[in-house]
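The structure appears right after this line, and notes come after that.
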2 protein chains.
Amino acid sequence: MTTTVSSRRQHTRDRLIDAATGLFAEKSIEGASVEEISERAGFTRGAFYSNFDSKEELCLEIVRQRGEQLLETTRRALAVIPDSPVNAQWLEEIIAKVITVLDVGFTFDDNWVLVRQELRLYAFRNPTFRPALIEVEQDANNLASEALAAALARHGASLRIPLDQLMVTLDAFCERTRVDSILNGDSDAGHSWRDGLERIVRALVVLPADEDRASAEPV
Amino acid sequence: MTTTVSSRRQHTRDRLIDAATGLFAEKSIEGASVEEISERAGFTRGAFYSNFDSKEELCLEIVRQRGEQLLETTRRALAVIPDSPVNAQWLEEIIAKVITVLDVGFTFDDNWVLVRQELRLYAFRNPTFRPALIEVEQDANNLASEALAAALARHGASLRIPLDQLMVTLDAFCERTRVDSILNGDSDAGHSWRDGLERIVRALVVLPADEDRASAEPV
DNA sequence: TGTATCCGATACGGCAACGTATCCGATACA
DNA sequence: TGTATCGGATACGTTGCCGTATCGGATACA
């Protein structure tokens with residue numbers, strides 16, 4: 001059987017990917033050499049080139065893996081919403097879900113916040129890589145926004161801005177806040193970005209009970 | 001007189017800085033070699049090292065220049081607000097100012113949107129460079145948010161989220177929208193991000209006439 | 001017009017990363 | 001246990017970039 005062999009290969013691929021992710025955060029994608037990546041993973045360049053054609057292909061693999069994790073996490077977090085009873089705390093629940101998705105799914109850990117930005121810039125200058133990144137982010141975004149739209153509709157709530165913009169705003173705010181806190185050396189232990197995120201959601205969602213005609217423009 | 005000589009020097013410094021900015025956008029900071037920068041500027045490495053100790057110092061100079069432009073633009077755009085009459089269109093005027101500041105000042109052109117992100121990441125891994133970038137962004141942000149706060153107070157308006165968060169949100173949304181449109185190849189000719197920005201501001205500002213007690217929480 | 005200075009070009013040695021070709025030990029399987 | 005394959009290590013030549021030391025032409029100024 002090739003099982004054992006194949007799993008060995010997968011193991012070294014994983015270690016290379018982990019090492020690369022860490023180094024991309026520390027030194028940027030262009031700044032991390034193939035040699036360094038291999039070394040940190042505990043291999044030589046020979047192993048690297050035996051597993052990937054180039055650094056670009058490794059980036060593709062990273063994005064693929066993250067994409068799967070992202071969809072998986074999002075699905076799991078949102079699957080609960082349709083089943084939840086229509087009660088007074090539904091907004092709190094939705095906010096909690098949004099936070100979960102943004103935390104675990106989009107931004108994950110400190111490394112990933114940085115690597116995600118690196119990958120975005122990398123995609124800009126790399127025509128081959130670009131569509132892969134765009135697709136992954138689109139898919140995740142679509143899944144999340146559809147679920148959110150459904151939840152809102154179910155409770156008769158509306159938004160003060162279009163749903164698409166809300167998604168972008170939440171994601172961008174969250175990412176930026178985390179990058180700033182990393183930059184300023186705040187360990188962000190309290191996850192301060194969550195408070196801001198919650199406030200934004202509360203400010204932009206119009207509850208049906210509000211009778212808030214003056215400024216509420218259903219979208 | 002050293003006038004002629006000194007101005008020649010300034011000229012080559014400017015050309016080096018321009019070349020570097022372009023290359024940073026195209027190939028990332030780490031990806032752009034000193035050789036390439038010098039060459040694009042029409043010089044050799046000799047000229048580069050005669051003007052800057054290192055790539056890092058050049059980055060510092062870029063940030064300094066941008067910082068000045070940023071403050072200057074912000075001041076000019078906001079100076080008009082205190083003089084404007086208290087009329088019905090004041091919100092439109094403020095929105096226009098915000099757009100001006102974010103457009104010209106923060107994000108500027110496509111290159112700068114990308115370079116700004118590069119610099120943020122560069123600052124993260126460069127202890128010497130970090131405080132410089134933080135200070136510039138802080139100063140500009142403070143200036144803008146104080147002016148905005150004053151304008152709002154003057155008209156008795158309040159916000160649905162804290163002012164600090166609003167600033168971050170607007171900036172992050174704007175930047176992200178522009179990066180996405182660059183990534184997707186939209187030339188962004190219509191400056192679509194402006195519409196979104198305007199909607200967010202309208203959604204988060206509570207006009208005094210609204211009597212919008214239900215969801216308005218003055219900050 | 002001569003001389004000092006300024007400033008970018010040239011020349012040099014050295015290093016780090018690249019990608020490939022080859023090797024060799026371990027595992028799979030008959 | 002013998003043999004083929006697999007997967008990572010080693011070895012090699014090449015290239016690009018680095019930072020410095022030195023040079024030479026142009027400008028300033030007396």
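Letters go in sequence order (proteins before strands), and every chain restarts at 1.
Each of Ala47(A) and Asp53(B) was matched to the nucleotide of DNA chain D holding its nearest heavy atom; the match closer to the 5' end belongs to Ala47(A). Positionally, the nearest nucleotide of DNA chain C for Phe48(B) lies more toward the 5' end than for the other of Glu36(A) and Phe48(B). Nearest-nucleotide positions on DNA chain C place Gly46(B) closer to the 5' end than the other of Gly46(B) and Val34(A).
In this model, the phosphate group of dG7(D) is not approached by any side-chain N or O of Asn51(A) to a distance below 4.0 Å at OP1 or OP2.
Protein atom CD of Glu39(B) is 12 Å distant from nucleotide atom P of dC18(D), rounded to whole Å. What separates NZ of Lys55(B) from C1' of dG16(D) is a distance of 13 Å, to the nearest Å. Atom pair Arg45(B):CZ and dT10(C):P shows a separation of 12 Å (rounding to whole Å applied). Residue Glu35(A) contributes atom CD, which lies 14 Å from atom C1' of dC12(D) at whole-angstrom precision. Atom CD1 in Ile37(B) sits about 17 Å away from atom P in dG16(D), given to the nearest Å. At whole-Å resolution of the value, CZ in Arg8(B) and C1' in dC7(C) are 5 Å apart. In this structure, Leu16(A) places its CG atom 11 Å from C1' of dG8(D), rounding to the nearest Å. To the nearest angstrom, P of dT27(D) lies 15 Å from NE2 of His11(B).
No donor-acceptor distance shorter than 3.5 angstrom exists from the side chain of Ser50(B) to the backbone of Gly46(B), with no hydrogens or angles considered. The closest donor-acceptor contact from the side chain of Asp171(B) to the backbone of Met167(B) lies at 3.5 Å or more, if one exists at all.
Within 4.0 Å (heavy atoms only), Thr44(A) reaches at least one base atom of the nucleic acid. Using a 4.0 Å heavy-atom distance criterion, Thr12(B) is classed as a sugar-phosphate-only contact.
Evaluation of the salt bridge (charged side-chain N to carboxylate O under 4.0 Å, His left out) test over residues 16-26 of chain A, restricted to residues two or more places apart or in two chains, returns Glu26(A)-Arg40(A).
The side chain of Arg9(B) has dG8(C) as its nearest neighbour among dC18(D), dG8(C), dC18(C).
Lys27(A) places none of its side-chain heavy atoms less than 4.5 Å from the side chain of Glu30(B).
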Task: Pair Glu118(A)-Arg125(B), salt bridge (Lys or Arg N to Asp or Glu O under 4.0 Å): steps then yes or no - done: CA-CA 13 Å; Glu118(A) 287 286 342; Arg125(B) 17 178 206 272; 3.2 Å; yes
